[in-house]
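Whatever order the structure lists ligands and atoms in, that order sets their numbers, starting from 1.
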Amino acid sequence: MKVAVFSTKGYDRNFLQRAAEGSGHELLFFEPHLSPETAPLARGAEAVCIFVNDIADAETLAELKRQGVLFVALRCAGFNNVDLAAAHDLAIKVARVPAYSPHAVAEYTAGLILALNRKLYRAYNRVREGNFALEGLLGFDLNGKTAGVVGTGAIGRVVVRILAGFGMNILAHDLKPDPDCKALGARYVPLDELFAQSDIVTLHCPLTPDTRHLVDDARIAAMKPGAMLVNTGRGALVDAKALVRGLKSGQIGSLGLDVYEEEADLFFEDLSNQMLRDDVFARLLTFPNVLITGHQAFFTAEALSAIAETTIANLTGFQTSGRPEHEVSIERIA
Ligand code: NAD
């Protein structure tokens with residue numbers, strides 16, 4: 001099957017090509033994001049393969065359909081960038097990679113928490129400049145503190161296990177409480193209680209209409225003053241302008257972000273020679289207690305390998321039966 005792969009980087013090409021060996025799929029690699037303007041690149045392909053910042057809205061899907069595309073293979077877990085209702089109406093099937101390596105994201109989340117708490121990013125720069133002073137680097141023991149984990153699916157569950165390993169008390173919130181998390185001592189509480197009592201809040205729920213701006217001014221005001229907030233989920237789970245206000249007031253003690261609502265114009269590219277046009281992002285970068293990375297939590301060899309293999313399996317499943325194993329459809333998530 002011919003597959004148009006959008007937002008291709010060298011690493012995508014390497015891992016996908018290796019996984020596709022012997023599958024019979026012909027992968028056509030394109031660097032641009034998928035959008036209504038770039039959708040015609042898929043001409044002659046039966047499937048497209050897309051990533052987190054590709055846009056598969058109704059307009060793009062309609063254009064893809066005109067080009068002969070019948071299947072969208074997401075090479076990521078989140079599917080908030082696909083209009084599933086439009087895909088359904090156009091009879092375009094959609095599949096994702098539900099769990100490629102929850103460890104990659106969970107371990108990265110722990111890394112952000114540790115780096116932020118102990119200010120490793122500041123220490124790194126100081127030592128290179130011959131500054132060995134410790135003022136400003138004071139952290140706190142994780143042991144005995146309370147972590148609030150919002151979303152205890154594949155990733156959140158591993159986060160709970162790691163943070164419980166540090167001796168943290170775990171508060172959790174999910175629509176479906178997880179028995180493994182309960183066995184680890186996590187206590188499921190309403191969101192308000194989680195925010196009010198946690199020293200660290202970390203977000204691992206999907207981006208849906210219900211969770212968009214889950215962290216807004218009101219939620220920040222209800223946090224424990226000086227608490228840490230970490231988001232490795234999706235950018236729009238938080239209102240970035242509210243984060244700036246929360247940091248300025250000191251209500252947010254420290255902030256770790258691997259995702260950003262407007263990241264599509266920034267992340268995955270080298271923009272070091274360009275002016276930063278996003279004022280909110282620029283403001284966030286000015287705080288000494290903010291650590292931002294460019295959507296790299298998933299980026300391990302194991303994860304890329306698993307993503308590529310599941311993506312090829314989804315393509316093969318669609319080609320052979322019309323029902324890829326990891327289909328996402330409006331009916332399935334309803
Ligand atoms: P998952 O589907 O296994 O788990 C998500 C959990 O969130 C489920 O248990 C679900 O019940 C829960 N949930 C849904 N709505 C909720 C709500 N309103 N409040 C609380 N919980 C809710 O997904 P996962 O594999 O654990 O991934 C979680 C998210 O992490 C993905 O949706 C994706 O957006 C993000 N992610 C980020 C990266 C990265 O590199 N930064 C990589 C992979 C995934």
Side-chain angles (χ1 to χ4, degrees), residues 7 9 11-12 50-54 74-82 84 94-113 148-163 170-182 186-195 198 201-216 219 230-238 256-261 263-264 266-268 291-304 306-307 310-311 326-328 332-334:
S7 299
K9 299 289 181 198
Y11 44 83
D12 296 310
I50 66 171
F51 196 48
V52 289
N53 291 324
D54 289 303
L74 285 150
R75 52 181 193 278
C76 53
F79 47 88
N80 50 284
N81 51 338
V82 181
L84 290 179
V94 181
R96 66 175 179 137
V97 181
Y100 40 88
S101 169
H103 305 284
V105 182
E107 289 169 11
Y108 192 84
T109 303
L112 270 184
I113 290 171
V149 181
V150 182
T152 53
I155 294 170
R157 186 182 306 133
V158 182
V159 170
V160 167
R161 197 185 321 138
I162 293 172
L163 297 184
I170 311 291
L171 297 179
H173 180 79
D174 197 301
L175 308 178
K176 291 174 253 164
D178 177 73
D180 291 350
C181 291
K182 284 187 176 173
R187 197 159 61 82
Y188 281 86
V189 294
L191 213 47
D192 289 345
E193 187 178 339
L194 183 149
F195 273 80
S198 298
V201 175
T202 179
L203 307 177
H204 303 286
C205 56
L207 177 62
T208 64
D210 286 343
T211 61
R212 178 169 223 94
H213 289 187
L214 180 122
V215 179
D216 56 9
R219 193 79 73 194
V230 173
N231 186 12
T232 60
R234 281 287 180 270
L237 293 174
V238 301
L257 299 179
D258 185 52
V259 286
Y260 177 63
E261 186 164 6
E263 71 178 49
L266 297 169
F267 288 2
F268 306 119
L291 177 50
I292 305 180
T293 54
H295 208 139
Q296 70 173 87
F298 74 100
F299 200 57
T300 66
E302 289 79 3
L304 288 194
I307 287 171
T310 305
T311 300
H326 301 294
E327 184 175 353
V328 252
R332 284 198 185 194
I333 59 163

I'd like to check atom 9 (O) of ligand 1 in this structure: does the protein have a heavy atom lying under 4.0 Å from it?
yes

Ligand 1 contact on H173 by region, counting heavy-atom pairs under 4.0 Å:
both

Heavy-atom contacts under 4.0 Å between Y100 and ligand 1: side chain, backbone, both, or neither?
side chain

Criterion side-chain contact (heavy atoms from CB on, under 4.5 Å) on V215 and V201, from CA distance to verdict:
CA-CA 10 Å; V215 179; V201 175; 5.9 Å; no

How far is atom 27 (O) of ligand 1 from its nearest protein heavy atom, and which residue and atom is that?
I155 CD1, 3.4 Å

What about T232: any of its N or O atoms under 3.5 Å from an N or O on ligand 1?
yes

Would you call L207 a ligand 1 contact, heavy-atom distance under 4.0 Å?
no

Run the numbers for me: atoms of ligand 1, each under 4.0 Å from some heavy atom of A297, listed by number.
39 (C), 40 (O), 41 (N)

Tell me the contacting part of V105 for ligand 1: side chain, backbone, both, or neither, using a 4.0 Å heavy-atom threshold, strictly below.
side chain

Would C76 count as a contact of ligand 1 if the rule is a heavy atom under 4.0 Å away?
no

Which protein non-hydrogen atom lies closest to atom 23 (O) of ligand 1, naming both residue and atom, and how far is it?
A154 N, 4.5 Å

Between R212 and E261, is the salt bridge (Lys or Arg N to Asp or Glu O under 4.0 Å) condition met? List the steps.
CA-CA 10 Å; R212 178 169 223 94; E261 186 164 6; 3.6 Å; yes

Heavy atom of the protein closest to atom 28 (C) of ligand 1 (residue, atom name, distance)
H204 O, 3.3 Å

For atom 4 (O) of ligand 1, what's the nearest protein heavy atom and its distance?
G153 CA, 3.2 Å

Can you confirm, on distance only, whether ligand 1 has an N/O atom lying under 3.5 Å from any N/O atom belonging to D258?
yes

Which protein non-hydrogen atom lies closest to atom 33 (C) of ligand 1, naming both residue and atom, and how far is it?
R234 NH1, 3.6 Å

Quick one: look up the protein heavy atom nearest atom 22 (C) of ligand 1 and list residue, atom name and how far away it is.
C205 CB, 3.6 Å

Start with the C-alpha distance between T232 and T109, add both sets of side-chain angles, then the distance that settles side chain to side chain donor-acceptor pair (under 3.5 Å), and finish with yes or no.
CA-CA 7 Å; T232 60; T109 303; 3.1 Å; yes

Is ligand 1 less than 4.0 angstrom away from at least one heavy atom of T208?
no

Protein contact to atom 13 (N) of ligand 1 [nearest heavy atom, distance to 0.1 Å]:
P206 CD, 3.7 Å

Tell me whether ligand 1 is touched by G233 - counting only heavy atoms on the residue side and a distance under 4.0 Å.
yes

Find all atoms of ligand 1 within a distance of less than 4.0 Å from any non-hydrogen atom belonging to T211, and give their numbers and elements.
17 (C), 18 (N)

Closest to atom 11 (O) of ligand 1 among protein heavy atoms sits D174 OD1, 2.6 Å

Numbered atoms of ligand 1 (with element) below 4.0 Å of P98, judged on heavy atoms
25 (O)

Separation between OG1 (T152) and CD1 (I170), nearest 0.5 Å, reads 11.0 Å

